[in-house]
Amino acid sequence: MKGYFFSFEGPDGAGKTTMIAKLETFLREKGFAVVSTREPGGVRIAEAIRSIILNPDHTEMDGRTEALLYAAARRQHLLEKIIPAVEAGNIVLCDRFVDSSLVYQGFARGLGVDEILQINQFAIDGYFPSLTIYFDIDPKMGLERIQKNKQREINRLDMESLSFHYKVREGYLKLAKRFAERIVTIDASKSPDEVFAMTAAVVMKRIEGR
Ligand SMILES: Nc1ncnc2c1ncn2[C@@H]1O[C@H](COP(=O)(O)OP(=O)(O)OP(=O)(O)O)[C@@H](O)[C@H]1O
Ligand SMILES: Cc1cn([C@H]2C[C@H](O)[C@@H](COP(=O)(O)O)O2)c(=O)[nH]c1=O
């Protein structure tokens, strides 16, 4: 039986990585086969592209170059890891996917959501997640969480202005309305336990409701 492809989105510091780790343990304890992955990255070539995109020294990077690099990394990640894992019956939990490009490059950078969607259609051939959970948070709170987390590297996107990160949130809220059949919004400002309880409920409803 085929598996599932679920993606997790949100502004920087919303709690995506934390919730995916909790969800992976929760689903495995229920007997499900789970593969967690992330973007940009997930496979060797995409991780190499990640290091180019996120390098804080690469300040000269053009917006369209950035968008094309994210899409290229996505193509390799999708074909080499995501699709085979879903076909093998796994639940794939992906930390960011195409919606991040639509929001960060399309909306916040002003390249155009539909223009970025077109580039990504070339990359993903319409292979969208069946469920996307959007962790909504005030960007200031998310960035403050990151600053408290000393182990986390600061990447080139983190260094954008606060107004850019507010545009990111605005872009996600618009996307959640546009793709309401796929995207479920969760209030990520609550405690980790509260956010996880809501996340697990949404995921189990989707799995049981297949
Ligand atoms: N609900 C929460 N309440 C308080 N702190 C949280 C919550 N969720 C996660 N955190 C903490 O916030 C920090 C960022 O969490 P996490 O790395 O999961 O966010 P993220 O959305 O993956 O961020 P990024 O997109 O920047 O990688 C971590 O230190 C994490 O422990
Ligand atoms: C997939 C994707 C990501 N981004 C941005 C969003 C974040 O600022 C970084 C990734 O860092 P994280 O800590 O691993 O979440 O890259 C983007 O702008 N466009 C994308 O498609």
Side-chain angles (χ1 to χ4, degrees), residues 7-24 36-43 46-47 49-56 58 61-78 82 93-111 113 115-117 119-120 123-124 128-129 132-162 164-169 171-172 175 186-200:
S7 68
F8 300 80
E9 295 281 356
D12 294 276
K16 299 178 295 302
T17 307
T18 302
M19 291 306 139
I20 288 171
K22 287 174 178 287
L23 202 51
E24 182 176 356
S36 292
T37 190
R38 72 163 180 187
E39 291 210 335
V43 292
E47 288 289 339
I49 296 172
R50 177 189 178 94
S51 63
I52 293 169
I53 300 173
L54 298 185
N55 184 334
H58 290 167
M61 189 175 293
D62 168 70
R64 292 191 190 194
T65 304
E66 179 185 84
L68 289 163
L69 285 171
Y70 276 117
R74 181 159 300 127
R75 175 75 185 169
Q76 191 64 31
H77 181 215
L78 181 68
I82 296 174
L93 307 176
C94 192
D95 189 339
R96 297 189 182 283
F97 194 65
V98 64
D99 296 311
S100 282
S101 285
L102 299 180
V103 166
Y104 283 77
Q105 283 68 55
F107 189 81
R109 285 231 193 280
L111 295 177
V113 171
E115 287 74 6
I116 300 301
L117 184 57
I119 292 172
N120 279 276
I124 69 173
F128 283 88
T132 296
I133 292 185
Y134 163 55
F135 293 110
D136 183 48
I137 193 166
D138 181 313
K140 196 164 179 295
M141 182 186 273
L143 293 169
E144 283 166 0
R145 286 177 179 175
I146 290 172
Q147 269 135 32
K148 274 190 226 155
N149 178 7
K150 294 300 168 212
Q151 287 80 24
R152 188 187 179 284
E153 69 181 72
I154 298 298
N155 66 52
R156 188 172 57 85
L157 277 290
D158 295 329
M159 293 155 61
E160 288 292 347
S161 66
L162 192 55
F164 175 86
H165 289 286
Y166 274 102
K167 274 198 200 144
V168 163
R169 186 195 195 178
Y172 271 123
L175 220 53
I186 282 180
D187 179 357
S189 68
K190 305 277 186 199
S191 73
D193 288 347
E194 288 172 308
V195 174
F196 177 67
M198 292 184 280
T199 303

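Just so you know, ligand 1 is whichever comes first in the structure, and atom 1 is the first atom listed for that ligand. Counting from 1, the numbers follow the sequence of the chain as shown.
- Contacts between Ser191 and ligand 1, counted as non-hydrogen atom pairs separated by less than 4.0 Å, involve the backbone only.
- A salt bridge is absent between Glu144 and Lys148: the closest approach of a Lys/Arg side-chain nitrogen to an acidic carboxylate oxygen does not fall below 4.0 angstrom.
- In this pair, Tyr172 and Tyr104 present their aromatic rings perpendicular. The plane angle is above 60°, beyond the 30 to 60° band.
- Neither the backbone nor the side chain of Val98 has a heavy atom within less than 4.0 Å of ligand 2.
- In plain terms, the two heavy atoms of Ile20 and Ser36 that are nearest each other are CG2-OG, 3.7 Å.
- Summarising the geometry, atom NE2 belonging to His58 is positioned 13.0 Å from atom CG belonging to Asn155; distances are rounded to the nearest 0.5 Å.
- The protein heavy-atom contact nearest to atom 21 (O) of ligand 1 is Lys16 NZ, 2.6 Å.
- Ranking protein heavy atoms by distance to atom 12 (P) of ligand 2, first place goes to Arg50 NH2, 3.9 Å.
- Heavy atoms of Gly10 stay at 4.0 angstrom or farther from ligand 1.
- Residue Gly15 approaches ligand 1 through these ligand atoms, each under 4.0 Å from one of its heavy atoms: 8 (N), 9 (C), 15 (O), 16 (P), 18 (O), 19 (O), 20 (P), 21 (O).
- Across Met19 and Pro192, no two heavy atoms sit closer than the pair CE-O, 3.5 Å.
- By the criterion of a heavy-atom distance under 4.0 Å, the side chain of Gln105, and not its backbone, is placed next to ligand 2.
- Taking a 4.0 Å cut-off on heavy atoms, Lys148 fails to register as neighbouring ligand 1.
- With atom 2 (C) of ligand 1 as the reference point, the heavy atom nearest to it among Lys22, Arg145, Arg38 is part of Arg145.
- At a heavy-atom distance under 4.0 Å, no atom of Glu9 approaches ligand 2.
- What sits closest to atom 26 (O) of ligand 1 on the protein, heavy atoms only, is Arg152 NH2, 2.6 Å.
- Counting heavy atoms closer than 4.0 Å to ligand 2, residue Arg96 contributes side-chain atoms (C-beta onward) but none from N, CA, C or O.
- Closest to atom 9 (C) of ligand 2, if we only count protein heavy atoms, is Leu54 CD2, 3.9 Å.
- For the pair Phe8 and Lys16, the tightest heavy-atom approach, listed with the atom from each and the gap, is O-CD, 3.5 Å.
- Atoms CD1 and CD, on Ile133 and Glu9 in that order, are 11.5 Å from each other to the nearest 0.5 Å.
- If you look at Asp12 next to ligand 2, the close heavy atoms, those under 4.0 Å, all belong to the side chain.
- For Arg96, the heavy-atom gap to ligand 1 drops under 4.0 angstrom.
- Of all heavy-atom pairs spanning Asn120 and Arg74, the tightest one is OD1-NH1, 2.7 Å.
- Less than 4.0 angstrom separates some heavy atom of Ile146 from each of these atoms of ligand 1: 26 (O).
- Nearest to atom 13 (O) of ligand 2 among the protein's heavy atoms is Arg152 NH2, 3.0 Å.
- The pair Asp12-Arg96 meets the salt-bridge criterion, since a charged nitrogen lies less than 4.0 angstrom from a carboxylate oxygen.
- Atom 15 (O) of ligand 1 has its closest protein heavy atom at Thr18 OG1, 3.6 Å.
- The single protein non-hydrogen atom nearest to atom 11 (O) of ligand 2 is Asn155 ND2, 3.5 Å, given as residue, atom name and distance.
- The shortest N or O to N or O distance between Glu39 and ligand 2 is not under 3.5 Å.
- Proximity annotation for atom 5 (C) of ligand 2: of Phe8, Phe97, Phe164, Tyr70, Tyr70 comes nearest, heavy atoms only.
- Summarising the geometry of Gly142 relative to Ile137, their closest heavy-atom pair is N-CD1, 4.0 Å, with the distance given to 0.1 Å.
- Closest approach of His165 to Leu157, counting heavy atoms only: NE2-O, 3.3 Å.
- With a 4.0 Å heavy-atom cut-off, ligand 2 is reached by the side chain of Arg74 but not by its N, CA, C or O.
- Assignment of Glu160 to the shell around ligand 2 is not supported, since no heavy atom sits closer than 4.0 Å.
- Classification of Arg109 and Glu160 as a salt-bridged pair holds, one side-chain N sitting under 4.0 Å from a carboxylate O.
- Put simply, the side chain of Leu23 reaches to within 4.5 Å of the side chain of Phe196, judged on heavy atoms.
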